[in-house]
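To keep things clear, I will list the structure first and then write my remarks on it.
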Amino acid sequence: MDKIDKLDRKILAILSKSARIPFKDVAAECGVSRAAIHQRVQHLIDNGVITGSSFDVNPKSLGYSTCTYIGINLERGSMYRKVVEHLVNIPEIVECHYTTGPYTMLIKVYAKDNEQLMDLLNNQLQGIPGVVSTETLISLEQSIKREIPVNIDEED
């Protein structure tokens, strides 16, 4: 990956606060041309620094009122990829991580209610070959959600 300079960091800092900001406004804030911003952003995308641009949809607005983290233990850690092949087909799973600590995997799930959550656990997750046990943690409130901070003055 190419080195990220101060201008790249400034662009990232601006875009991480509002990905929908027009490039002309980013250019004005950075003191460069709009073409320079387009070129820099494309370069950041091409090098994998910027990995997406999406909208955050409030799950509650779609009827998903229960946010849950589920720790999954597998027979063997080497079964991880095979289990992921099953998990990817469950649309309520929005994140999946291969972890250290008490669980082999940690997933984030949105369910419409506790009844749907119980169905997901009993009839889908626990039936996947290799899944030994699950532990469910229901999120009562999300207090912080943000991108990693971009320090403008730092250079790699």
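Here the structure is a predicted model, which is why all the values come from computation and not from measurement.
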Practice task
Just jot down the side chain to side chain donor-acceptor pair (under 3.5 Å) partners of Asp46, sequence neighbours excluded, or say none.
Solution key: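 Result, side chain to side chain donor-acceptor pair (under 3.5 Å) vs Asp46: Gln42.
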Practice task
Test Asp56 against every option in Arg20, Lys145, Arg146 by the salt bridge (Lys or Arg N to Asp or Glu O under 4.0 Å) rule and name the one that passes.
Solution key: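 Running salt bridge (Lys or Arg N to Asp or Glu O under 4.0 Å) over Arg20, Lys145, Arg146 with Asp56 returns exactly one hit, Lys145.
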Atom of [X], atom of [Y] and distance for their closest heavy-atom approach:
{"X": "Val132", "Y": "Leu74", "result": "CG2-C, 3.6 Å"}
{"X": "Leu120", "Y": "Ala111", "result": "CD1-CB, 4.3 Å"}
{"X": "Ile14", "Y": "Cys30", "result": "CD1-SG, 3.8 Å"}
{"X": "Leu87", "Y": "Cys96", "result": "CD1-SG, 3.9 Å"}
{"X": "Ile93", "Y": "Ile107", "result": "CD1-CD1, 3.9 Å"}
{"X": "Met79", "Y": "Gly130", "result": "CE-CA, 3.4 Å"}

Any chance you could measure [X], atom [atom1], to [Y], atom [atom2], to the nearest 0.5 Å?
{"X": "Ile37", "Y": "Lys10", "atom1": "CD1", "atom2": "NZ", "result": "9.5 Å"}
{"X": "Ile50", "Y": "Ile45", "atom1": "CD1", "atom2": "CD1", "result": "5.0 Å"}
{"X": "Arg9", "Y": "Leu44", "atom1": "CZ", "atom2": "CG", "result": "10.5 Å"}

Handout entry: Inter- and intrachain pairs under side-chain hydrogen bond (donor to acceptor under 3.5 Å, both in side chains), touching residues 114-136, at least two apart
Key =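 Output for this query lists Asn73-Ser133, Glu92-Gln116, Tyr103-Glu135, Asp119-Asn123, Gln126-Thr134.
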Practice task
Determine which pairs satisfy side-chain hydrogen bond (donor to acceptor under 3.5 Å, both in side chains) with at least one residue from residues 25-40, sequence neighbours left out, and list them in order.
Solution key: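 Listed by first then second residue: Asp5-Arg40, Asp8-Arg40.
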Exercise for the section: May I ask you to decide if Asn58's main-chain N or O and Ser61's side chain share a donor-acceptor pair within less than 3.5 Å? Expected result: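 Between the backbone of Asn58 and the side chain of Ser61 there is a qualifying donor-acceptor contact (under 3.5 Å).
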Exercise for the section: For Thr51 and Gly48, indicate whether the former's side chain and the latter's backbone hold a donor-acceptor pair under 3.5 Å. Expected result: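 Side chain of Thr51 to backbone of Gly48: no pair is present.
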Exercise for the section: Apply side chain to side chain contact (heavy atoms under 4.5 Å, CB included) to the pair Val94 and Val109, showing each step before the final yes or no. Expected result: CA-CA 6 Å; Val94 296; Val109 175; over 6 Å; no
Handout entry: Pairs satisfying salt bridge (charged side-chain N to carboxylate O under 4.0 Å, His left out), at least one member in residues 57-81, at least two apart
Key =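 Found none.
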Problem - Where at least one partner belongs to residues 69-99, residue pairs that pass ring pair (Phe, Tyr, Trp, His ring centres under 6.0 Å), sequence neighbours excluded - result: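 Those involving residues 69-99 are Tyr80-Tyr98.
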Handout entry: Summary of ring pair (Phe, Tyr, Trp, His ring centres under 6.0 Å) pairs that have at least one residue in residues 119-145, sequence neighbours excluded
Key =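 Sorted pair list comes back empty.
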Practice task
Side-chain contact test, heavy atoms from C-beta onward, threshold under 4.5 Å: evaluate it for Leu117 versus Ile138 and give yes or no.
Solution key: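 Yes, their side chains come closer than 4.5 Å.
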